[in-house]
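In what follows, a structure is listed as structure tokens, so that the remarks can point back to it.
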Amino acid sequence: MHHFDYRDNRLHAEDVDIAALANKIGTPFYIYSEATFRRHVKVFSNAFSGTDALVAYSVKANSNLAVLRILASEGTGADVVSAGELARALHAGIPADKIVFSGVGKTTEEMEAALNAGIYQFNVESAPELEALDKVAGELKKHAPVAIRVNPDVAAGGHDKISTGRKEDKFGVAWGSARALYARARELENIEVKGVDLHIGSQIADLAPFEAAFKKAAGLIADLREDGCRIERLDLGGGLGIPYGAGEIPPHPDDYAQLIKRVTAPLDVQLIFEPGRMIAGNAGLLVTKLVYVKEGEARKFMIVDAGMNDLIRPALYDAHHDIIPVTRDLDAKNDRYDVVGPVCESSDFIAKARTLPDMKPGEFMAIMSAGAYGASQSSQYNSRPLIPEILVNGDEYAIIRRRPTFDEMTALERYPEWMG
Ligand SMILES: *Cc1c(COP(=O)(O)O)cnc(C)c1O
């Protein structure tokens, strides 16, 4: 559930009238509802109340500092995948002892930063990474708390590009070599084995792949304990899907929690979760303006002022985002349109062959479910400035990232001396 609704046919974010805001600050922009973030965190955390669980929000879904501060105030931790995300999480007030560090390519500099910060856990994804971490920790005279990310070879995720737990995927340690790597980890002086980690993908729409993967993990924990390994944590990753369109009904966090409690109760481990999309996805939308309606020979196009540099999910994952008018005309006729951006790429589209109410240039539309992997994946391709991010709280709003100026966009660039 989210807090974006029509009032008198005008779309509101909580109590803020979006059309009025768009007229004031200009489009395109992202707009987030603070109440929705808080609600999603509570729904997820409450589902696991009574169990020892750490919810480590996946920072890559939406890494704006103000968003991270909301989550910090709800007591969540963070799952980071770079030194930059680590710095953001700490800056926003997420304590180091609630931060886990995932990712296949951690550099020694990133390991150093994380060890110096005193993070809760490294999710190690390969044998060479484990050796490197041991070495860095030794140099700093520290111990690195580690879970090994295992690849359960389970197909899941709404799209080939967001499935991560099959043996063809680059993530995690192959199932067959996990036990041996744990044995190696126990030999390493500066590594403290804490747990088992897995993350099978994103936007997972049913519970079956979770169940298959989690049962395999439970089996692995039993084997590792037999080998004499102390396993006290089980990190189950993120991946719970959200509804992007009508008719899509992802599993409810309560059902997900029931499944997990059933599979993990006998294990006596602390559970760690890394939800991203489930927290942020429906807490934000992208507001854009219709610039032109173009009648092609085969199709009609709505050309809008948001492009793939602002929201790349349709181009990258064939993702569906609902599109609704910001000011609704209930008598408007419908037609089929391709909704496309201004970027010079054929893959710059937001929707294809979508039935939408007729709108006039200058009118605003909202691209729904854009709070996760929207702003955080945006770029300045085509030298289009990063777009503002707005946070709403009741009838108040704040610009939590403003649009850069041309000077700011080019501030890091220099003409070489030889050009005079
Ligand atoms: C991306 C990612 C997540 C978050 O996935 P969601 O689908 O947004 O919940 C969690 N853990 C890891 C390791 C990830 O890479």
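Nothing here was measured: the structure is a model prediction, and the numbers come from that model. Counting starts at 1 for both ligands and their atoms, in listed order.
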>> Counting only nitrogen or oxygen atoms and a 3.5 angstrom limit, does G276 reach ligand 1?
In response: yes
>> I'd like to know if R402 and E408 make a salt bridge, using a cut-off of under 4.0 Å between side-chain N and carboxylate O.
In response: yes
> Below 4.0 Å from any atom of ligand 1, is there a heavy atom belonging to P275?
Replying inline: yes
> Nearest to atom 12 (C) of ligand 1, what protein heavy atom do you find, and at what distance?
Replying inline: E274 OE1, 3.4 Å
>> With a heavy-atom distance limit of 4.0 Å, tell me whether R277 approaches ligand 1 through its side chain, its backbone, both, or neither.
In response: both
> Relative to the heavy atoms of R149, which atoms of ligand 1 are at a distance of less than 4.0 Å?
Replying inline: 13 (C)
> Could you walk me through whether I148 and Y182 pass the side chain to side chain contact (heavy atoms under 4.5 Å, CB included) check?
Replying inline: CA-CA 8 Å; I148 293 177; Y182 272 96; 3.5 Å; yes
> Closest non-hydrogen protein atom to atom 14 (C) of ligand 1, residue and atom name please, with distance?
Replying inline: K60 NZ, 2.8 Å
>> E274 and side chain to side chain contact (heavy atoms under 4.5 Å, CB included): which single residue from D197, L236, V55 fits?
In response: D197
> Could an N or O of ligand 1 be found under 3.5 Å from any N or O of M278, whether backbone or side chain?
Replying inline: no
> Do H321 and R313 have side-chain atoms, one donor and one acceptor, less than 3.5 Å apart?
Replying inline: yes
> Among the heavy atoms of Y373, does any lie under 4.0 Å from an atom of ligand 1?
Replying inline: yes
>> Below 3.5 Å, N or O to N or O, backbone or side chain included: is there any such pair between S102 and ligand 1?
In response: no
> Are a donor atom and an acceptor atom from the side chains of N282 and S369 found within less than 3.5 Å of each other?
Replying inline: yes
>> Which residue in the set K106, R184, K135 passes salt bridge (charged side-chain N to carboxylate O under 4.0 Å, His left out) when paired with E129?
In response: K106
> If you count the atoms of ligand 1 from 1 in the order shown, which ones are under 4.0 Å from a heavy atom of D79?
Replying inline: 10 (C), 11 (N), 12 (C), 13 (C)
>> What I want to know is whether S202 and ligand 1 share at least one N or O pair that is separated by under 3.5 angstrom.
In response: yes
> When you check the gap from the basic side-chain N to the acidic O, do D15 and R7 get nearer than 4.0 Å?
Replying inline: yes
>> Once you restrict to heavy atoms under 4.0 Å, what part of N123 touches ligand 1? Side chain, backbone, both or neither.
In response: neither
> Does a donor on one side chain and an acceptor on the other come within less than 3.5 Å for H3 and D5?
Replying inline: no
>> Looking at D17 and R10, is there a salt bridge between them, counting it only when a charged N and a carboxylate O are closer than 4.0 Å?
In response: yes
>> With nothing but distance in play, are any N or O atoms of S58 less than 3.5 Å from an N or O of ligand 1?
In response: no
>> Yes or no: does G239 have any heavy atom under 4.0 Å from an atom of ligand 1?
In response: yes
